[in-house]
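Chain identifiers are assigned alphabetically (A, B, ...) following the order of the sequence lines, protein sequences preceding nucleic acid strands; residue numbering begins at 1 within each chain.
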2 protein chains.
Amino acid sequence: MGGVAGCNVSVHEGSGLVGEQPLRPVTLADIAREAGTSASTASRALSGRGYVSPLARVRLLEAAERLGYVPDASARTLKQRTSRVVGVAVSDLGNQFYALLAAGIEQTLREADYQMVLVSDNSDRAQELSFARTFLAMRAAGVIMTPADSAAASLLARNGVDVVEVDRQLAEVPCDAVVIDNEEGGRLATAHLLELGHRRIGLLVADTDWTTDAGRLAGYRSAHAGAGVVVDERLILPIAFHAPDAEQRIAALLDKQAPTAIFAANNQLAEHAWKVLRVRGLRLAQDVSLVGFDDVAWTSMVDPGITVVAQPTIELGRRAAQLLLRRIDDPGCEPGFECLEPTLVVRASTAPPTLATT
Amino acid sequence: MGGVAGCNVSVHEGSGLVGEQPLRPVTLADIAREAGTSASTASRALSGRGYVSPLARVRLLEAAERLGYVPDASARTLKQRTSRVVGVAVSDLGNQFYALLAAGIEQTLREADYQMVLVSDNSDRAQELSFARTFLAMRAAGVIMTPADSAAASLLARNGVDVVEVDRQLAEVPCDAVVIDNEEGGRLATAHLLELGHRRIGLLVADTDWTTDAGRLAGYRSAHAGAGVVVDERLILPIAFHAPDAEQRIAALLDKQAPTAIFAANNQLAEHAWKVLRVRGLRLAQDVSLVGFDDVAWTSMVDPGITVVAQPTIELGRRAAQLLLRRIDDPGCEPGFECLEPTLVVRASTAPPTLATT
DNA sequence: CGAAAAGATGCAATCGTTGCCACACCGCGG
DNA sequence: CCGCGGTGTGGCAACGATTGCATCTTTTCG
């Protein structure tokens, strides 16, 4: 440490003790000069590629350490035409589901020394496309998204950026994807209610053309078919995200269709349904059964606890990141598709109907 | 559109209809050639700086549009020595509080056309420092962090990167900060319980040296002092984050110190306390009162609802981002400090003690 | 009418890193 | 002793956008 007396002298700017304004960042050329080599050699020593004598290596490493060298990511990206950032676009960071998804992604990326650029696009096509352009501009190593539209994925793929779709699937280009088995989830929830004896099961589902909602709806139908029960279409209520009248419409469904149970196909709708039931003074399980989708915290804390279809949310994020890392590592590999299984968590919000109708 | 017949001809690679592998991204030089100008003029036209004739401008704009030009962020960053990304480091993305904080930050940054690089550092000093280096390498325009240690902020500040501390404050360098008035929050919660007649109020607080916990503790003491009540130090229980024995220790506190009320100074501890009380069959309000800190979703959904000190979490994030944007805009301005006021939300988990001791 | 100002453009250098290429050593086998 | 691989090393040209400067053209105005 500081053994070479001359070292400080050769530093052009007083960078040592006072710690004031290096301002101009330390470059490779600086540490090369410091160690008496060329920039090329410095680059080789620090990146570990190519021949460098042991002596030069330690000198350079020491110099880099001493001067606090931090390689310039943009220069590297410019030269190598790819960066270590991964773009991640989710629908709504404020929603616990997407936050956990992002947490899972970030964790895995971090372990592989990639950075996550996270944006929340409100499921807006224009914003999604704009973010795709941004990720393109950053020369992102890849992009993970919960897609709202196929245009973004197409744009990215066309420009050679790897895309992983997570939670939903709607790309028109071949691409990696990891989703939940939504149909199975819908089936689990619905079959559970059917087995309890319910015959009029209201379905609250997001009003989208996404695979998540389509899958859950399909599961709902399939469970009915399996049980030989005809679905009354009026029991199916599509509700747009953030619809201001969501709770009124749920209330109307309760009034007009007299369901004995409700299957709310996402965590928001479950919350809405729960609130409507509470406001109306309807007792869960006794008066109306309720099944939610996505095991968010409150469902196990309220009394009675809510029966839900649990998704491995963080794992979903991790898998998506793993899929992307695999593709970065081996760009030629077959598009991967993973489908994680949801599980039914039975709590106290479901019970046989009190007055069984036909 | 496509009026100039020759335009496709001059494109060297078939980029038009087939949409297959442009592979090499479109550069400024490409669109300059396409429009018959130099790259300099193209740059001026697209960036809007400097003289460009109207004719050249439209030609270049059209060419850029037609070829799908996306400026290379790394080249721009390299040249301008600053990027449009803002590094954000929070303690734990899986915690709703930090997720919402990040959501608020992202929203504001997005509106100003900045990107958020989000990392979750687990309050680990080493990780935090490593991220600071990464942000440095990316030439981040600024960094927003919930700090765990002062080293990261110092490193960044020393290298000319603007730092905003959010939620907590512990930088040794002058820097912008936005926090909650934790002392007031602690006081609100404690005073509420004291007014109800409680004299033995257990305090669950994170075992850190952060300003959040110190502030809440100070508020707890200050409220006692204001009411002329002496604090029994044995009622104060510091619990480390993710301590596996958190609930056992809370149970022990209940057993040994017989508090008539509990003030849990963060959302995790509130959840732990709530669970312990439930497991023990203790009725909220009637047997033990409970006040939480941070109005997360479940607190208003459980029965009885939990009285909490609510923080404007998203707003906290927004303000932090605004502070950073202001500083980027005017690097010389005085370090800003904002302190947002928490509010007490009284629900049904608090009531006068049944058996008033002393 | 001529000079100065404004308008418009291109050249070339620059940002920091990487990687190709050439060169310079070394010892060794032919 | 020549050449040949194996080692090290430095020079130089990229990567793609920006920008100061020089150049050239057009106005404008005294």
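At C:dT14, none of the side-chain N or O atoms of B:Gln80 fall inside 4.0 Å of OP1 or OP2 (strictly under the cut-off). For the pair B:Arg81 and C:dT14, the criterion of a side-chain N or O lying under 4.0 Å from OP1 or OP2 is not met.
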Can you give one letter per nucleotide of nucleotides 6-11 of chain D, going 5' to 3': B for a protein heavy atom under 4.0 Å from the base, S for sugar-phosphate only, - for none? -SBBBB
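Rounded to whole Å, atom P of D:dA14 lies 17 Å from atom CG of B:Asp72. Look at CZ on B:Arg24: it is 14 Å from P on D:dA14, rounded to the nearest Å. Taking atom CZ of residue B:Arg76 and atom C1' of nucleotide C:dG16, one finds them 18 Å apart after rounding to whole Å. B:Arg33 has its CZ atom 13 Å from the C1' atom of D:dG16, to the nearest Å. Between A:Leu78 atom CG and C:dT14 atom P there is a gap of 17 Å when expressed in whole angstrom units. Residue A:Met138 contributes atom CE, which lies 16 Å from atom P of D:dA17 at whole-angstrom precision. Rounded to whole Å, the distance from CG on B:Leu28 to C1' on C:dC15 is 16 Å. Distance B:Tyr69 OH to D:dT18 C1': 10 Å, rounded to the nearest Å.
Between A:Glu128 and A:Arg125 no salt bridge is recorded (no basic side-chain N to carboxylate O distance below 4.0 Å). With respect to A:Asp30 and A:Arg33, a salt bridge is recorded, a charged nitrogen being found less than 4.0 Å from a carboxylate O. We find that B:Arg59 and B:Glu34 are not joined by a salt bridge, their nearest charged nitrogen and carboxylate oxygen being 4.0 Å or further apart.
One distance of note links CD of B:Glu111 with CD of B:Glu106; it measures 9.0 Å at 0.5 Å rounding. With rounding to the nearest 0.5 Å, the separation of OH in B:Tyr114 from OG1 in B:Thr108 is 13.5 Å. Remark: A:Met138 CE to A:Thr82 OG1 distance equals 11.5 Å, nearest 0.5 Å.
The side chain of A:Lys79 lies closest to D:dC15, out of D:dT18, D:dC15, D:dG16.
There is a side-chain donor-acceptor pair under 3.5 Å between B:Arg168 and B:Ser91.
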